[in-house]
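Let me begin by presenting the structure, written as structure tokens, before commenting on it.
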Protein chains: 2
Amino acid sequence: MDALLARLKNYVDLPRPSEAALIGMPHVLKQMPRGKTIISEGEVIRRFHVIQKGWAIRKRLLEDGRRQIINFLLPGDVFDLQAMIDSKSDHGIETITLCEVRSIPTPEFLSVVSAHPALSSALWWSAVQEEGILREHIVRVGRRNAIERISHLLFELRRRLILTGNADPEDPVALPLSRQLIADAVGLSSVHVSRTVSAMRRMGLVATNAHLRILDPESLASIAGFDSHYLHLDARPLGQVRFNDGRGSMA
Amino acid sequence: MDALLARLKNYVDLPRPSEAALIGMPHVLKQMPRGKTIISEGEVIRRFHVIQKGWAIRKRLLEDGRRQIINFLLPGDVFDLQAMIDSKSDHGIETITLCEVRSIPTPEFLSVVSAHPALSSALWWSAVQEEGILREHIVRVGRRNAIERISHLLFELRRRLILTGNADPEDPVALPLSRQLIADAVGLSSVHVSRTVSAMRRMGLVATNAHLRILDPESLASIAGFDSHYLHLDARPLGQVRFNDGRGSMA
DNA sequence: CGCTCGGTTGAGATAATTCAAGTGCAGTGG
DNA sequence: CCACTGCACTTGAATTATCTCAACCGAGCG
């Protein structure tokens with residue numbers, strides 16, 4: 001199934017025609033190897049993008065080389081609100097695994113969405129969830145210590161992967177993360193992340209052969225003080241609220 | 001002039017009828033003393049809010065009392081996207097000075113906005129700017145040291161105040177911030193903030209009588225490595241893009 | 001006048017960083 | 001098949017940024 005569709009279904013059951021419209025939008029599908037730039041900082045964004053497969057990061061680079069990962073983009077994630085206005089991107093987006101990325105020109109995207117209230121309402125939910133993830137990341141980095149930050153991040157990623165059917169809650173979830181990626185996400189040095197992850201391995205929380213695997217999500221959540229309400233999994237459609245352009249005729 | 005209007009004018013010149021519609025929305029205007037809760041964590045949000053006067057904070061509290069300020073809400077700021085979906089707020093909002101807050105029920109807000117493309121486009125800009133501020137806050141907290149964090153925050157606040165005519169670029173801007181507020185915003189302890197601010201005073205960057213005043217914004221910006229493009233001050237309207245509900249008839 | 005509250009300052013403790021050396025694996029080329 | 005290289009990861013030791021605890025100060029207020 002389409003990755004975005006799978007994600008939005010956590011919020012509403014889309015009527016068949018809306019599903020069809022979502023999948024049928026004119027788009028370009030691109031395979032990208034790991035480490036490629038999807039959007040570069042300063043570029044004007046004129047298309048919406050959807051991650052179909054693989055992982056990407058949003059990141060900012062400081063002049064002296066320090067890097068901050070703003071968040072991780074997983075299958076089913078759409079970006080970017082910035083496509084709504086004609087402005088230069090304030091951050092870059094880059095693949096960290098082999099990816100399949102779908103992109104749709106802004107006007108076409110909006111006209112499809114505006115014709116389908118259920119779609120637009122689901123996309124609002126998606127935007128609210130994304131903002132929630134951003135806010136929680138601020139809390140993570142600002143007020144938690146190393147093991148809490150890492151545990152919280154890992155648990156969030158697992159939760160989000162499960163949401164789109166990209167991970168099985170029963171299995172140890174594998175994450176394609178290097179120490180350096182984790183470090184740049186949670187604001188630590190890669191060697192301190194290495195030490196902390198080693199400690200977590202000794203505690204039986206994760207395994208670290210080839211990929212990082214989550215062995216004990218419950219303990220992870222409790223160490224992290226994880227509270228999932230920022231993911232808005234409880235949200236239910238209010239009225240019909242459109243994510244809309246003003247040009248096409250209103251269906 | 002209306003605070004929100006003043007802010008949106010940085011993006012578009014709203015046509016008279018749109019201005020009138022914005023100001024004329026059915027609303028409640030509330031005076032609130034310092035330290036009052038506008039929205040509490042867990043509450044379902046059914047109204048949009050606009051800060052008319054004063055300052056507020058978005059914050060998250062951890063179980064053990066640690067507090068993280070997610071961002072500052074200044075005159076002209078609108079919140080919250082979360083009003084678009086029927087879900088519990090994942091954070092609290094609280095005044096930190098005497099405030100005047102306007103609130104509009106979601107459906108009324110949306111129907112006015114959907115009738116005015118220029119308004120909806122301006123509100124998209126506002127949402128994009130807010131997301132940019134959130135992202136930059138992550139970089140600030142994740143990858144900058146104490147003096148950089150504080151300088152960056154102060155400079156951003158000054159810039160935003162100037163944007164809405166709440167500060168004069170020529171004068172030393174005064175900010176109603178305690179050491180503790182700064183600490184909880186940038187993820188430090190209040191005593192370390194105190195030390196750092198004292199150092200900044202000795203460097204001639206700020207004054208600290210009664211209120212914190214910014215004396216030397218240029219040096220502040222250069223210490224902080226401040227780059228304003230995340231505020232999207234360069235953005236210009238693309239097509240007509242609506243911020244829309246799907247219930248009312250489309251004007 | 002005496003309290004309270006925010007801010008300041010010092011001293012010692014701690015978390016995380018930096019630098020540096022060493023290990024192990026995956027891929028490459030002989 | 002083996003040696004060689006590169007890269008991520010690991011570990012130790014020394015250093016530094018920041019925190020905690022605690023005492024003190026001074027302005028504003030009842």
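Here is the naming used below: chain letters follow the sequence lines, and residue numbers restart at 1 for every chain.
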Could you please name the option among [options] that lies closest to any side-chain atom of [X]?
X: Arg179(B); options: dT10(D), dT17(C), dT8(C); value: dT8(C)
X: Ser178(B); options: dT9(C), dG7(C), dT8(C); value: dG7(C)
X: Ser189(B); options: dA8(D), dT11(D), dT20(D); value: dT20(D)

Rounding to a whole Å, what distance do you find between [X]:[atom1] and [N]:[atom2]?
X: Arg149(B); N: dA17(D); atom1: CZ; atom2: P; result: 13 Å
X: Ile147(A); N: dT14(C); atom1: CD1; atom2: C1'; result: 16 Å
X: Arg143(B); N: dT18(D); atom1: CZ; atom2: C1'; result: 16 Å
X: Asn145(A); N: dC19(D); atom1: CG; atom2: P; result: 12 Å
X: Arg144(B); N: dT18(D); atom1: CZ; atom2: C1'; result: 19 Å
X: Glu148(B); N: dA17(D); atom1: CD; atom2: C1'; result: 13 Å
X: His192(B); N: dA16(C); atom1: NE2; atom2: P; result: 14 Å
X: Arg195(A); N: dG22(C); atom1: CZ; atom2: P; result: 16 Å

Mind checking Val191(A) for me? I need base, sugar-phosphate or nothing, with any heavy atom below 4.0 Å counting as a touch. base
Considering every strand and a 4.0 Å limit on heavy-atom distances, what is the contact class for Ala146(A): base, sugar-phosphate, or nothing? sugar-phosphate
Hey, is the side chain of Ser194(B) poking within less than 4.0 Å of OP1 or OP2 on dT8(C), counting only N and O atoms? yes
Are Asp2(B) and Arg102(B) side-chain neighbours, meaning at least one heavy-atom pair lies under 4.5 Å? yes
If you define the side chain from C-beta out and look only at heavy atoms, does anything of His49(B) sit under 4.5 Å from Ile51(B)? no
Looking at Arg213(A) and Asp171(A), does any basic side-chain N land under 4.0 Å from a carboxylate oxygen? no
Check ion pair Glu131(B)-Arg135(B) (N to O, under 4.0 angstrom): yes
Say whether Arg195(B) and His192(B), considering side chains only, have a donor N or O and an acceptor N or O under 3.5 Å apart. no
Toward the 5' end of DNA chain D, which comes first, Leu188(B) or Arg201(A), by nearest nucleotide? Arg201(A)
